[in-house]
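Atoms within each ligand, like the ligands themselves, are counted from 1 in listed order.
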Amino acid sequence: MSSSNRKLIAVVGATGQQGGGVVRALKVTGQFKVRALSRNPGKHRQVADEVVEADLDRPQTLKAAFAGAHGVFLVTNFWEPGTDELKQATAAVHAAKDAGVKHLIWSTLPNVEAISGGKLHVPHFTGKAKVDQIVRQAGFENHTFVIAPFYYQSLMGALAPQKQADGSWGWTLPLDPTVRGIHMGDISELGSIVAGAFAHADQAGNGEYLPLVGDFMSFNEIIDTLGRQGHGFSFRHVPKEAFAASFPGAAELAEMFSYFEAHSYLGSNSIDRIAFANKIAGRQPTKLSAWASVNFKVKAAAL
Ligand SMILES: NC(=O)c1ccc[n+]([C@@H]2O[C@H](COP(=O)([O-])OP(=O)(O)OC[C@H]3O[C@@H](n4cnc5c(N)ncnc54)[C@H](OP(=O)(O)O)[C@@H]3O)[C@@H](O)[C@H]2O)c1
């Protein structure tokens, strides 16, 4: 199909982990024209067919960003200082609808507040879940929810093993390492699910929830998997209160680990949703062992 005949997909967060994977997956299929959105388009000219400015904090930029687009992939970045995910996502959903977008795919997370009966507060999960209703009510011809997992990449990033007081390298976390509760995956593979959903809107564009899950593990199973590849990591289970006070942002993570322990990352039995997401993606997601054997470099870097 010639470039001018292809429907256009605009990708928010195209320079990041989630959106970057979406851009790459859409390019592989070749079915759509891809518009990467960034606050700094000049720095990322080669990323996609088009690179256009979009700042979710400046809704006036979104009209041009979404103009002519058939589909929009939307993700917000809770961790960017000053971000109000509800405000940003609401502005983007309304701008997409006004621009005539037919299919919006929102990267959501489970509603921890609802799942835990109000006991646990994890704003970077629940804040995204609260956007779901806004997406539903906007009245797009098609809409889809994708659910990003606990990134394998986090094990080399924000949650990389640290040097412990006893000299070992490993993790000190407020989590029972024997409880299997972590739905994990290679975040670059979320793009295959998103590209599949855009391509098969008849099957996956009616409010379906599509989680990316490559593995479902306890922390001990993560450590055992890495151990079989020669990484000897330790684990110390600490009380939630002690961990929550240990660095800025730790209280939110402590609540998140309590949630994983009590309800699991996805919060419910999601076998059918995971299978359907894989069907739409047209592939099985990579297991932690396979991903780590190629990508996990922390031990060498840390020692
Ligand atoms: N780490 C995990 O295990 C995990 C698990 C599930 C969900 N998440 C969620 O993933 C989200 C982050 O996604 P990511 O990992 O893809 O982030 P990332 O790699 O850090 O990239 C952030 C992206 O957001 C864009 N962005 C930030 N502020 C923006 C704004 N005001 N307007 C337009 N674009 C903006 C950036 O684009 P420019 O800089 O080019 O403008 C960049 O492309 C977070 O909300 C987090 O809660 C993380």
Nearest neighbour in protein (non-hydrogen) for [atom]:
atom: atom 19 (O) of ligand 1; answer: Gln17 N, 2.8 Å
atom: atom 23 (C) of ligand 1; answer: Gly13 CA, 4.0 Å
atom: atom 21 (O) of ligand 1; answer: Gly16 CA, 3.3 Å
atom: atom 12 (C) of ligand 1; answer: Asn77 OD1, 3.5 Å
atom: atom 47 (O) of ligand 1; answer: Lys128 NZ, 2.7 Å
atom: atom 11 (C) of ligand 1; answer: Thr76 O, 3.4 Å
atom: atom 34 (N) of ligand 1; answer: Arg39 NE, 4.2 Å

Would you say the ring centers of [X] and [Y] fall short of 6.0 Å from each other?
X: Trp291; Y: Tyr152; result: yes
X: His183; Y: Phe150; result: no
X: Phe219; Y: Phe257; result: no
X: His103; Y: Phe198; result: yes
X: His143; Y: Phe145; result: yes

Numbering the atoms of ligand 1 from 1, which are under 4.0 Å from a heavy atom of [X]?
X: Glu85; result: 45 (O)
X: Thr15; result: 36 (C), 37 (O), 38 (P), 39 (O), 40 (O), 42 (C), 43 (O)
X: His124; result: 47 (O)
X: Gln88; result: 31 (N)
X: Pro149; result: 3 (O), 5 (C), 6 (C)
X: Leu56; result: 30 (C), 31 (N), 32 (N), 33 (C)
X: Ser38; result: 38 (P), 40 (O), 41 (O)

Legend entry - Of the listed options Ala158, Ala54, Ser107, closest to atom 33 (C) of ligand 1 (non-hydrogen atoms):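 Ranked by closest heavy atom to atom 33 (C) of ligand 1, first place is Ala54.
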Legend entry - Selection from Phe150, Tyr265, Tyr151 by shortest heavy-atom distance to atom 4 (C) of ligand 1: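 Nearest heavy atom to atom 4 (C) of ligand 1 lies in Tyr151.
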Legend entry - Over 12 foreign heavy atoms within 6.0 Å of CG, Leu159: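 Counting other residues, nucleotides and ligands, CG of Leu159 exceeds 12 neighbours.
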Do any nitrogen or oxygen atoms of [X] lie less than 3.5 angstrom from nitrogen or oxygen atoms of ligand 1?
X: Phe78; value: yes
X: Gln18; value: yes
X: Asp55; value: yes

Inset, instruction - Look at the side-chain heavy atoms of Ile, Leu, Val, Met, Phe, Trp and Tyr, link any pair under 4.5 Å apart, and say whether Phe243 and Trp171 land in one connected group. - result: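 The answer is yes; both residues are in one hydrophobic cluster.
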Inset, instruction - Mark the output for Gln153 as yes if a heavy-atom distance to ligand 1 is under 4.0 Å, and as no if none is. - result: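 Contact absent.
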Legend entry - Reference residue Val34; test side chain to side chain contact (heavy atoms under 4.5 Å, CB included); the match among Thr29, Val47, Leu26: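 Between Val34 and the candidates, side chain to side chain contact (heavy atoms under 4.5 Å, CB included) is satisfied uniquely by Leu26.
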Answer side chain, backbone, both or neither: which part of [X] comes under 4.0 Å from ligand 1, heavy atoms only.
X: Lys43; answer: neither
X: Ser154; answer: side chain
X: Leu37; answer: neither

Legend entry - Atom of Val51, atom of Ala48 and distance for their closest heavy-atom approach: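 What the structure gives for the nearest pair is CG2-N, 4.2 Å.
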Once rounded to the nearest 0.5 Å, what's the spacing between atom [atom1] of [X] and atom [atom2] of [Y]?
X: Leu212; Y: Tyr151; atom1: CG; atom2: OH; value: 10.0 Å
X: Ile105; Y: Thr144; atom1: CD1; atom2: OG1; value: 4.5 Å
X: Gln162; Y: Phe233; atom1: CD; atom2: CZ; value: 10.5 Å

Legend entry - All salt bridge (charged side-chain N to carboxylate O under 4.0 Å, His left out) counterparts of Arg45, not counting sequence neighbours: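 Applying salt bridge (charged side-chain N to carboxylate O under 4.0 Å, His left out) to Arg45 gives none.
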Legend entry - side chain to side chain donor-acceptor pair (under 3.5 Å) contacts touching residues 76-90 (sequence neighbours left out):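 Residue pairs with at least one partner in residues 76-90: Arg39-Glu80, Asp57-Gln88, Thr76-Glu85, Glu85-Lys128.
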